[in-house]
Structure formats: structure tokens, C-alpha cells
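Values below: every heavy atom of this structure, side chains too, minus hydrogens, waters and symmetry copies. Sequence lines set the chain letters: A, B, ... in the order given, protein chains first and strands last, and positions in each chain run from 1.
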Amino acid sequence: MPELPEVETVRLGLLPFMVGKTIEGVEQRRADLRFPLPKDFAARLTGRRIEAMDRRAKYILARLDEGEVLVMHLGMTGRFTVDEANGAAVTPGVFAHPGTEGARHEHIVFHLKDGAAIRYADARRFGYMALVPESEMAEHPLFKGLGLEPLGDDFTPQALASVLAGAKTPLKAALLDQRRIAGLGNIYVCEALYAARLSPVRLARTIVTKDGRPTERCVRLCEAIKQVLTDAIAAGGSSLRDYAHADGSLGRFQYSFKVYGREGKPCPGDDCQGVVKRLVQSGRSTFYCPSCQR
DNA sequence: AAGAACTCCTGTTGGC
DNA sequence: TGCCAACAGGAGTTCT
């Protein structure tokens, strides 16, 4: 569920509570999430100090002293809440659920030495955590095949062209493929394609020249991806099912959706009379305007 | 070997 | 109101 902007929002929210802190203990309430949790997970974390928290694609990376990295992926329903040392509860991100709803699926709690607790709940358990030595990150299966970082300096029209060149798959599927670009999900692919006025059905290779150079469409798409993600992060990400409970810590970008979830509504384009259409591509909903996205 | 379909799991929603 | 199918922000595995 969380895509890059939501993961980034969660990371920023956790940052002040976790960086520089030492883990006093870990409650692990089940052996696995999507995958088995690391062997001796709690023991290996206990006593470690969190030196930094970074993000790669949709992964949050907590860099620990002694050289390991705690890798966290939220899957579809992963969410963190923080019990502050002073007893207040904070939700650093966009996935707050009111009341006690989340407690049933609370699988992991990190207790910090300063008294704070970082709680991880995940109803569907598509999230996962791993412990990877810093030196093995680049070669680790989770990261080895990961594609371009869309907000990185090296995400250029040429770089985008190079990962789309020759791809016979529709643009929608290509942009969801984390081996090409890492961090986009269903919402932001739809929104970026709309912003670039490109059809999700168009074959990816058709925005790359025969010799692998970006076409004007590819340049537009590159810009659109960066813009949509940047705007979404600035808005604190998107909160869908829980947006009605907005309390200031929830994302606001859902109010800026142009096409996502807007089937049957008029295209928001200034001089477009089109209607937003929904179709299914590789089992996922795609929303787009057939009139102005070509 | 690329690309699409299936799969994991639980909760919510919309249509009858 | 109740029931149930469809669907949900992801992505690894298995098929074709």
C-alpha cells in the first residue's frame, strides 16, 4: 500500500524518535511476517544504537552500530506508531487507525532505552524485516536487482530510456516493475502517466528511440514522475481508507489525485472533455483519461 | 527469457 | 440488515 512518498513520510516521522537511540529490547510476537523474521532477531537488535535512517525505494533502512542494517518494508498494510517516552502516542506517517483497531495485528515492538516504544502492526503481513550487514547490502537479493531511484540524481530521461528500451510491456506495467524504477506503486504510476499525458496501455519501448535515446514523451514522463513524487511527499503522502480520520498526521495528497480512484469523473484537464476510465492491467486497477493520455 | 497470472493474508466496501 | 464477491497502496514465484 505505501509507495515511495508514504514510506518517506513514515521515515521522516520515525527519524526523531529513533536516530541516536539505543534499542533496549524487542517484542517479537510471531516468527514471520511475509517471510521468516531473521534468526535471533530480538537478540541481534538488543543493545544496538540506531545511527541513521535512510530510504531506498520503498524500504526504510535503520543503520545500526556494529555494521548491520535493519531493513523494513511496509507491504500493503504495514504501519508504525510511536509511544513516546512521556506517554503520548504519535503516528509518524499516514496509516494511523483510530482506537485500538491496530493492536490485534501488532507484531513487533521496539523498546528504546529512553522509554519510547516503536510499534509495528500489519494486518495482511505483506511487510517484512531483515537484518543485512552493511557490506552485503548491494549484493543482497532484496536490493541487487532494484532499479532507478526516481528522486535520485541519476534519474534522468536518458536513464529512464535505458530501462524502458525494448520493453514490450505496457508503460503501466513497466513503471510498476521495481527492477526498472524502484518506489512507484499503483497510485503514483497512474498519476505520473496522467501528468505526462501518456497512455498506460502504450508499450514502454515506444517512448524510446531505436538507438535507445529518450523521446520527448520520455522526457515528459521523467519530469512527471519527479514532480508527482515530490508533491506527494510535500503533502505527507496519501491516506486512503483512513483519510476520514485525518488528524493532522495523515497525508493529504489523496485530495490531489487527478485520476486515481476517479472512474467516471470528468478529466480535470483544462481543455479536455474526457472521462476518467478504469481498466485492469496485470490484475491491478488503472485509472486514466483515454482522451488526453496518448 | 520476457511478460502475465497467481499467490500470500485480512479487512472493507458496494451491490443485491 | 445481511451476505458475499470484488477489491485494496506490494511483490516473489510460477506459469506461458
Side-chain angles (χ1 to χ4, degrees), chain A residues 1-10 30-36 56-60 71-80 93-107 121-130 140-147 163-192 200-205 228-229 232-233 235-245 250-257 259-264 278-287:
Chain A
M1 129 181 322
E3 306 180 34
L4 188 154
E6 290 74 38
V7 174
E8 180 65 7
T9 301
V10 170
R30 48 181 306 133
D32 52 58
L33 295 173
R34 180 173 187 184
F35 305 119
R56 167 72 170 116
K58 299 174 195 171
Y59 295 92
I60 295 172
V71 174
M72 297 172 279
H73 194 294
L74 303 175
M76 291 279 265
T77 51
R79 37 179 69 93
F80 283 103
V94 295
F95 303 120
H97 266 224
T100 56
E101 188 277 336
R104 192 149 91 79
H105 295 294
E106 192 172 275
H107 308 304
D122 187 347
R124 291 174 75 180
R125 300 201 304 278
F126 287 172
Y128 41 103
M129 295 192 189
H140 192 277
L142 289 176
F143 297 98
K144 187 169 185 188
L146 223 44
V163 299
L164 297 181
K168 283 197 268 191
T169 194
L171 265 179
K172 168 80 188 300
L175 296 180
L176 281 176
D177 182 348
Q178 305 295 300
R179 293 166 302 185
R180 303 181 197 271
I181 306 177
L184 295 178
N186 208 29
I187 291 176
Y188 297 105
V189 166
C190 290
E191 293 297 315
V201 179
R202 170 188 282 277
L203 296 192
R205 64 177 178 188
V228 166
L229 293 178
I233 290 170
S238 308
S239 304
L240 292 193
R241 310 194 132 47
D242 40 10
Y243 74 93
H245 307 285
L250 299 184
R252 299 177 307 279
F253 194 71
Q254 64 276 12
Y255 303 119
S256 301
F257 290 167
V259 288
Y260 186 84
R262 298 179 55 82
E263 180 182 18
R278 171 181 180 270
L279 56 83
V280 175
Q281 290 179 288
S282 42
R284 324 274 315 266
S285 290
T286 297
F287 299 91

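Summarising the geometry, the separation between CZ on A/Arg124 and P on C/dG9 is reported as 9 Å, rounded to the nearest angstrom. Counting to the nearest Å, the P atom of C/dT13 and the CG atom of A/Asp177 are 14 Å from each other. Distance CD (A/Gln281) to P (C/dG9): 13 Å, rounded to an integer number of Å. In this structure, the CZ atom of A/Arg278 is 8 Å from the C1' atom of C/dC7, given to the nearest Å. Whole-Å rounding puts the A/Leu176 CG to C/dA11 C1' distance at 10 Å. To the nearest angstrom, P of C/dA8 lies 13 Å from CZ of A/Phe126. Regarding A/Asp32, its CG atom lies at a distance of 15 Å from the C1' atom of B/dT10, rounded to whole Å.
Salt bridge absent: A/Asp122 and A/Arg125 never bring a charged side-chain N and a carboxylate O closer than 4.0 Å.
Look at A/Arg179 and you won't find any side-chain N or O under 4.0 angstrom from OP1 or OP2 of B/dA1. A/His105 has no side-chain polar atom (N or O) that falls below the 4.0 Å cut-off from OP1 or OP2 of B/dC9. Between B/dA4 and A/Lys168, no contact under 4.0 Å exists linking OP1 or OP2 to a side-chain N or O. In this structure, A/Thr169 reaches the B/dA4 phosphate: one of its side-chain N or O atoms is under 4.0 Å from OP1 or OP2.
Distance from the side chain of A/Glu3 is smallest for C/dG10 among the nucleotides C/dG10, C/dG12, B/dG3. For A/Tyr59, whose side chain is taken as the heavy atoms from C-beta onward, the closest listed nucleotide among C/dG12, B/dA4, C/dA8 is C/dG12. Nearest nucleotide to the A/His73 side chain, out of B/dG11, C/dA11, C/dG9: C/dA11. Side-chain atoms of A/Arg125 lie closest to B/dT10 of the nucleotides B/dT10, C/dA11, C/dC7. Taking the side chain of A/Ser285 as heavy atoms from C-beta on, and the options B/dG11, C/dA8, C/dG9, the nearest nucleotide is C/dA8. Of the candidates C/dG9, B/dG11, B/dC8, the closest approach to any side-chain atom of A/Arg34 belongs to B/dC8.
Aromatic pair A/Tyr260/A/Tyr188: ring centres not closer than 6.0 Å.
Residue side chain A/Arg284 does not reach the base of C/dA8 through any donor-acceptor N/O pair under 3.5 Å, judged by distance alone.
To the nearest 0.5 angstrom, A/Leu74 atom CG is 12.0 Å from A/Glu3 atom CD.
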side-chain hydrogen bond (donor to acceptor under 3.5 Å, both in side chains) evaluation trace for A/Arg278 with A/Ser285: CA-CA 6 Å; A/Arg278 171 181 180 270; A/Ser285 290; 2.9 Å; yes
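Between A/Leu142 and A/Val71, the shortest heavy-atom distance links the atoms CD1-CG1, 4.3 Å.
Here A/Pro170 lies in heavy-atom contact (under 4.0 Å) with sugar-phosphate atoms only.
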